[in-house]
Amino acid sequence: MYYKKNLTTLEEMDGLAPQVMKTLLNLFHSHQEIATDNARSTLGQDMNSQPDSTAIPNLEAVKARQKATWESGDFGQIARTIENVAEEFMARQPLNPGSRVLDVACGTGNLAILAARRGCVVSGIDLAGNLIDQARNRAAAEGLRIDFKQGDAEALPFADCQFDLVVSTFGVMFAPRPNVAAAELLRVTRPGGQVALANWTPEGFLGKMFQVFKAHLPPPPTGLPSPMGWGDEATVRSRLHAFADVRLRRRIALMRYPFPPAETVEFFRQYYGPTQWAFASLGASAQVALRRDLVELQTIYNTAITPGTTEVPAEYLEVVAVRN
């Protein structure tokens, strides 16, 4: 199976120099407040405990650790499996020729490319430099002109009121300071323009997956809000209170993989940075237990009819906010 290509084995990880391995694990542990729910509290407490703090200790270190996590693996492989979700999401957006569109936390450019194909004037920004490189290569291969930049969702390098539409799927929700990210979304959107987001819900499949990681991993540092807050209606309305109109709807993303649940777990273990870090932080027996629970989760949620494949319905909250 192709997911095994260059798969990092436990033995290969053990062969790393001790100091290098220590650095990797430190990065992982510090990042897990962003990648999973806080292991010291319930999900509800996570969403409401300092959910909008703008004074996070060691913020620059947190951002550096985020960058390292998302640049590991190969998120481009994951992005291909949710192109159908991107297409469905963008089909509901006002993509008029000449409209100015910004894709925040754009990854390899799924949304940006769809907007550019419709004749929009498109920009994209992401913290991970290697993902921006992939996005630029994809755009060049199609002859599309898209302004991709490496940068921070909490400090968007664009002028006030520059965009007619600002979009993000499963991206801006991981910014460590939600209120700062929300203020930036508002700032760069023109009056009458809109922001459209897709955020995983705590009750959906991705929320359940985060709970599995929470059960197996050491408690992360406190002080950062859970990304799942962006999938909670009341929390989102609070964060986007400055917008004139906020419309919320729960939708389903179908996650399709051409292999069974166990191999789907290995696919994420190879290509998805947060999953890589999770396994790297555990000993051999704990890795076995984590893998077992992830396979069980994929199996329970698998609705595929075709043998040897996986299709998981994952709930997300679609957010459409219009600026005054």
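In what follows, residues are counted from 1 in the order of the sequence shown. It should be emphasised that the depicted structure is a prediction, and the values quoted were computed from it without experimental measurement.
- The shortest distance between side-chain heavy atoms of T309 and R256 does not fall below 4.5 Å.
- A 4.5 Å side-chain heavy-atom check between R247 and V322 finds at least one atom pair inside the cut-off.
- Aromatic ring orientation, F267 versus Y271: perpendicular (interplanar angle above 60°, classes split at 30° and 60°).
- For D293 (side chain) and V212 (main-chain N/O), no donor-acceptor pair under 3.5 Å exists by modelled atom type.
- In this structure, R323 contributes its side chain and L186 its backbone to a donor-acceptor pair below 3.5 Å.
- Residues W230 and R239 form a side-chain contact, since some pair of their non-hydrogen atoms from C-beta on lies under 4.5 Å apart.
- In this structure the side chain of L294 reaches within 4.5 angstrom of the side chain of F213, judged on heavy atoms.
- Between W70 and Y272, the ring planes are perpendicular. Angles over 60° get that label, and only those under 30° would be called parallel.
- The number of heavy atoms from other shown groups lying within 6.0 Å of CG (D133) is above 12.
- In terms of modelled atom types and a separation under 3.5 Å, the side chain of D232 and the main chain of T235 share a donor-acceptor contact.
- Grouped with L254 in one hydrophobic cluster are I252, the linkage being side-chain heavy-atom contacts under 4.5 Å among Ile, Leu, Val, Met, Phe, Trp and Tyr residues.
- With hydrogens and angles disregarded, a donor-acceptor distance shorter than 3.5 Å links the side chain of E154 to the backbone of R177.
- Using a 4.5 Å heavy-atom threshold, the side chains of D103 and F148 count as separate.
- Between the CZ atom in R291 and the OG1 atom in T275 there is a gap of 13.0 Å [rounded to 0.5 Å].
- Ring centroid separation for the pair F268 and F279 does not come in under the 6.0 Å cut-off.
- Remark: S168 pairs with no residue by the side-chain hydrogen bond (donor to acceptor under 3.5 Å, both in side chains) rule, at least two apart or across chains.
- For R249, the CZ atom sits in a loose shell: 12 or fewer heavy atoms of surrounding residues, nucleotides or ligands are nearer than 6.0 Å.
- Checking Q93 against R118 by side-chain atom types alone, no donor-acceptor pair falls below 3.5 Å.
- If you chain together hydrophobic residues whose side chains sit under 4.5 Å apart, V121 and L95 never meet in one group.
- Not a single side-chain hydrogen bond (donor to acceptor under 3.5 Å, both in side chains) links N96 to another residue, sequence neighbours left out.
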